[in-house]
Amino acid sequence: MTTPRIQPIRGMNDVLPEQMAAWHFVEATAREVFAAYGYDELRVPMVEQTDLFKRAIGEYTDVVEKEMFSFVDQGGDSLTLRPEATAGVARAMISNGQLRGARHKLWCVGPMFRHERPQKGRYRQFHQFSVEAIGFNGPDIDIELIAVGARLWKRLGIERVALEINSLGTPDSRRAYREALVSYFRGHEARLDADSRRRLEGNPLRILDSKNPEMQDIVASAPLLSDHLDPESRAHFDALQSALAALGIPFKVNPRLVRGLDYYSRTVFEWITDALGSQNAICSGGRYDGLIAQLGGEPTPAVGFALGIERVVALVEQVGTAPKSPGADVYLIAQGAQAEQQALVVAEKLRDALPGRRIEINLGAGNFKAQFRRADRSGAEFALVIGDDELARGVAQLKPMRTPGGEGGTGQQLEVPLGELVAAVAARISRRD
């Protein structure tokens, strides 16, 4: 009887070695861009109190109502795998006494969890960069964060992206808009789906996020938040648009862009693409000036964005800008017990002398022909060959593997004394670079 295989959890995917070059390219480029703008890394837990997300994200959002992975631990506490990182970053600033008038430019990265219906570009475990600026008021920091995104796309070679922006105004201006929205949707209540009727009392702005195709004409005709902005929010939004134009960053004002989390205020934005099918948002963010006070901290302005790594990796793979996985620099071939032992010693000396280089050694025996095939598959630039004859004479054969002329290359083979081997390899690798 065959033992049944254990399958991965639906919507939680493995990232295989051949995919890692694109991941590393995206992650390393993002780190460099964030550092160039003065953002520092922090790390927050993957598990938080469930109440953190209920208070931060909003009880009438899809995330809290339908998508959180929550459980009760042995101590009776309700805990949740983080569905996003901003709430955890805000909590960390409060818990660690990092506020008191201070300003922080931060980023973190890691897996997030949402119990969504899995499809291409949408997973139950997914990875995000979260970039946050805390303690900054005014539109200039909003502009900088959008510029960070624009520079990142440029560095990654991604062109099929577009920026959409909107303003949600202050809580006071949204209250006036809420009344107008409720009045409008009440006039169409018979056509609202069950979710929208429930949200009509709790948070009618969420109805604007509805993906129900039967309601799109109703949503399209709803009052516009931009018509209810307070003067200060209008000035903030105008300054944002003026600066983006000055920076040469194209954008579109989308009056229906409200974002799916309740903590946003004033500026909201999304970077979208037409290259990934229905999952078109690759980076989303905005201001959340009231969140920290809402979580028990001092009133503190803040703004940030989240970037979906899986979707950005998919775009990088489309355009082919990620470097290929590096091959070995040196592959050691040995035959015979004493030669195999000597090869291990030589490999360690090479790793000491050439930090950061990939030094591979044949493991699991095999004749010379089989070992050369493995060396070729490794992508090695050079092979070092030690057999019983070489060992008896205190030498090794140094063979270039990537010069033209047949399978595996047929560069001129050189005999090198074991005592000079490290220097000879180091010189040739340096010359090749």
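- Atom CD of Gln341 is surrounded by 12 or fewer heavy atoms from other residues, nucleotides or ligands within 6.0 Å.
- With sequence neighbours left out, the salt bridge (Lys or Arg N to Asp or Glu O under 4.0 Å) criterion links Asp193 to no other residue.
- Taking the charged nitrogens against the carboxylate oxygens, Arg428 and Glu381 have no contact shorter than 4.0 Å, which rules out a salt bridge.
- The shortest non-hydrogen separation linking Asn166 to Arg256 is ND2-N, 4.4 Å.
- Judged by distance alone, with hydrogens and angles left aside, the side-chain atoms of Asp376 form no donor-acceptor pair with the main-chain N or O of Phe372 at under 3.5 Å.
- Using a cutoff of 4.0 Å between basic side-chain nitrogens and carboxylate oxygens, Lys54 and Asp51 are not scored as salt-bridged.
- Within the 3.5 Å criterion, the main-chain N or O of Glu116 finds a donor-acceptor partner in the side chain of Arg124.
- Between the side chain of Thr321 and the backbone N or O of Leu156 there is at least one donor-acceptor pair closer than 3.5 Å.
- The backbone N or O of Ala380 sits less than 3.5 Å from a side-chain atom of Ser378, completing a donor-acceptor pair.
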Return a table of donor-acceptor pairs under 3.5 angstrom between the side chains of residues 146-153 and protein atoms on other chains or two or more places apart.
from   : atom 1 : to     : atom 2 : distance (Å)
Arg151 : NE     : Tyr37  : OH     : 2.9
Trp153 : NE1    : Gly149 : O      : 3.2

With side chain to side chain contact (heavy atoms under 4.5 Å, CB included) as the criterion, how do Leu276 and Asn280 come out once you've worked through the C-alpha distance, each side chain's angles and the decisive distance to 0.1 Å? CA-CA 6 Å; Leu276 297 177; Asn280 66 342; over 6 Å; no

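- In this structure, the side chain of Arg82 does not engage the main chain of Met112 through any donor-acceptor pair within 3.5 Å.
- Across every non-hydrogen atom of Ala243 and Ile143, the tightest pair is CB-CD1, 3.2 Å.
- Looking at heavy atoms from C-beta onward, Asp227 lies out of side-chain contact with Tyr177 at the 4.5 angstrom threshold.
- Side-chain N or O atoms of Asp289 include one that pairs as donor or acceptor with a backbone N or O of Ala302 at under 3.5 Å.
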Please step through side chain to side chain contact (heavy atoms under 4.5 Å, CB included) for the pair Gln98 and His104, ending with a clear verdict. CA-CA 9 Å; Gln98 297 291 300; His104 302 278; 3.6 Å; yes

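- By the 4.5 Å heavy-atom criterion applied to side chains, Phe251 and Gln241 are counted as neighbours.
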Side chains of residues 39-47: which donor-acceptor pairs under 3.5 Å do they make with residues two or more places apart or in other chains?
from  : atom 1 : to     : atom 2 : distance (Å)
Tyr39 : OH     : Glu144 : OE2    : 2.8
Glu41 : OE2    : Arg43  : NE     : 3.2

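- Counting only distance, with no hydrogens or angles, the side chain of Gln371 and the backbone of Gly366 share a donor-acceptor pair below 3.5 Å.
- Sparse packing is recorded around CD1 of Ile9, with 12 or fewer heavy atoms of other residues, nucleotides or ligands lying under 6.0 Å away.
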Salt bridge (charged side-chain N to carboxylate O under 4.0 Å, His left out) between Glu32 and Arg155, intermediate numbers included: CA-CA 10 Å; Glu32 290 172 6; Arg155 288 281 306 276; 2.5 Å; yes

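- Ion pair Arg91/Glu48 flagged as a salt bridge, since at least one NZ, NE, NH1 or NH2 atom sits closer than 4.0 Å to an Asp/Glu carboxylate oxygen.
- Ile272 and Ala281 make their closest contact through CG2-CA, 4.1 Å (heavy atoms, listed as atom of the first residue, atom of the second, distance).
- Rounding to the nearest 0.5 angstrom, the gap separating the CZ atom in Arg351 from the CZ atom in Arg358 is 10.5 Å.
- Across all their heavy atoms, Ala222 and Leu181 have their closest contact at CB-CD1, 4.0 Å.
- Applying the ring-ring contact (aromatic ring centres under 6.0 Å, His included) test to His24 and every residue at least two apart in sequence or in another chain returns nothing.
- Residues Arg374 and Asn362 are in side-chain contact: their nearest non-hydrogen atoms beyond the backbone lie under 4.5 Å apart.
- Note that CD of Glu298 and CD1 of Ile94 are 9.0 Å apart. Values are rounded to the nearest 0.5 Å.
- If you check the side chains of Arg266 and Ser233, you find a donor sitting under 3.5 Å from an acceptor.
- Not a single donor-acceptor pair under 3.5 Å links the side chain of Tyr331 to the backbone N or O of Met401.
- In this structure, CZ in Arg103 is found 10.0 Å from CG in Asn137, a value given to the nearest 0.5 Å.
- In this structure Glu132 satisfies the side-chain hydrogen bond (donor to acceptor under 3.5 Å, both in side chains) test together with Thr86, Ser130, Tyr288, sequence neighbours excluded.
- In the displayed structure, Glu232 atom CD is contacted under 6.0 Å by at most 12 heavy atoms of other residues, nucleotides or ligands.
- Counting only residues at least two apart or on different chains, the side-chain hydrogen bond (donor to acceptor under 3.5 Å, both in side chains) pairs with a member in residues 306-317 are His127-Glu310, Gln279-Arg311.
- Taking every heavy atom of both residues into account, Phe305 and Cys283 meet most closely at CD1-SG, 3.4 Å.
- Residues Gln19 and Asp14 share a closest heavy-atom pair of OE1-O, 3.8 Å.
- At least one donor-acceptor pair under 3.5 Å links the side chain of Thr273 to the backbone N or O of Arg160.
- In this structure, the side chain of Ser173 engages the main chain of Thr170 through a donor-acceptor pair within 3.5 Å.
- Here the CE-OG1 distance, from Met68 to Thr80, works out to 4.0 Å after rounding to the nearest 0.5 Å.
- Within 6.0 Å of the CD atom in Glu18, the count of heavy atoms belonging to other residues, nucleotides or ligands exceeds 12.
- For the atom pair CG (Asp142) and CG (Leu240), the distance works out to 6.0 Å, reported to the nearest 0.5 Å.
- Relative orientation of the Phe113 and Phe69 rings is perpendicular, given thresholds of 30° and 60° on the angle between their planes.
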Where do Leu398 and Leu384 land on the side chain to side chain contact (heavy atoms under 4.5 Å, CB included) test, with the steps shown first? CA-CA 5 Å; Leu398 175 58; Leu384 281 176; 3.6 Å; yes

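- Rounding to the nearest 0.5 angstrom, the gap separating the CZ atom in Arg287 from the CZ atom in Phe136 is 10.0 Å.
- A salt bridge is defined here as a Lys NZ or Arg NE, NH1 or NH2 lying under 4.0 Å from an Asp or Glu carboxylate O, and Asp238 with Arg234 meets this definition.
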Working note: Asp329 + Leu354, criterion side chain to side chain contact (heavy atoms under 4.5 Å, CB included); need CA distance, chi angles, decisive distance, verdict. CA-CA 10 Å; Asp329 290 285; Leu354 300 167; over 6 Å; no

Carefully, step by step, assess Asp352 and Lys349 under the rule salt bridge (charged side-chain N to carboxylate O under 4.0 Å, His left out). CA-CA 5 Å; Asp352 287 340; Lys349 289 182 177 179; over 6 Å; no

Working for ring-ring contact (aromatic ring centres under 6.0 Å, His included), residues Phe34 and Phe129: CA-CA 10 Å; Phe34 300 157; Phe129 276 106; 5.4 Å; yes

